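Worksheet for the structure shown next.
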Amino acid sequence: MEITICIGSSCHLKGSRDVIKIFERLISFHRLEDKVTLKGSFCMGECSKNGVCICVDGERFNVTPSEAETFFNYEIVPRIK
Ligand code: FES
């Protein structure tokens with residue numbers, strides 16, 4: 001699975017670095033290093049939305065740092081296992 005996180009300036013201000021850190025921590029916690037690839041992307045054209053723009057296997061989401069752990073556990077983990 002490929003997860004692309006926008007690191008454009010607007011998403012950066014909304015905490016994309018924090019979202020990346022949280023995802024990295026959860027990937028190693030769940031031992032998903034071989035199954036999930038994290039990538040950064042420039043602006044994905046959805047700056048006006050609330051939260052950092054994330055693309056999971058082609059599907060777009062907007063996630064704030066405070067939602068990141070819940071999002072990972074409920075939207076990402078079930079798609080992998
Ligand atoms: S900066 Fe992330 S969608 Fe524009």
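Since this is a predicted model, take the numbers as computed values, not measurements. One-based numbering along the sequence shown. Note that ligands are numbered from 1 as they come in the structure, with each ligand's atoms numbered from 1 the same way.
Counting heavy atoms closer than 4.0 Å to ligand 1, residue Cys6 contributes side-chain atoms (C-beta onward) but none from N, CA, C or O.
Lys35 has its side chain out of reach of Met1: every pair of non-hydrogen atoms, C-beta onward, lies at least 4.5 Å apart.
If you number the atoms of ligand 1 from 1 as listed, the ones under 4.0 Å from a heavy atom of Glu46 come out as 3 (S). Of all atoms in ligand 1, listed by their number and element, those nearer than 4.0 Å to a heavy atom of Ser10 are 1 (S).
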Practice task
Kindly determine whether Glu24 and Lys21 satisfy salt bridge (charged side-chain N to carboxylate O under 4.0 Å, His left out), including the steps that lead there.
Solution key: CA-CA 5 Å; Glu24 280 173 344; Lys21 275 193 211 146; over 6 Å; no
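Inclusion of Cys11 in the first shell of atom 2 (Fe) of ligand 1 is supported: an N, O or S atom falls under 2.8 Å.
The shortest heavy-atom contact between Ser41 and Thr4 is CB-CG2, 3.3 Å.
Rounded to 10°, the angle formed at atom 4 (Fe) of ligand 1 by Cys43 SG and Cys47 SG is 90°.
The environment of Asp57 atom CG is dense: over 12 non-hydrogen atoms of other residues, nucleotides or ligands sit within 6.0 angstrom.
Taking the six-membered ring where the residue is Trp, Phe23 and Phe72 present tilted rings, their angle falling between 30° and 60°.
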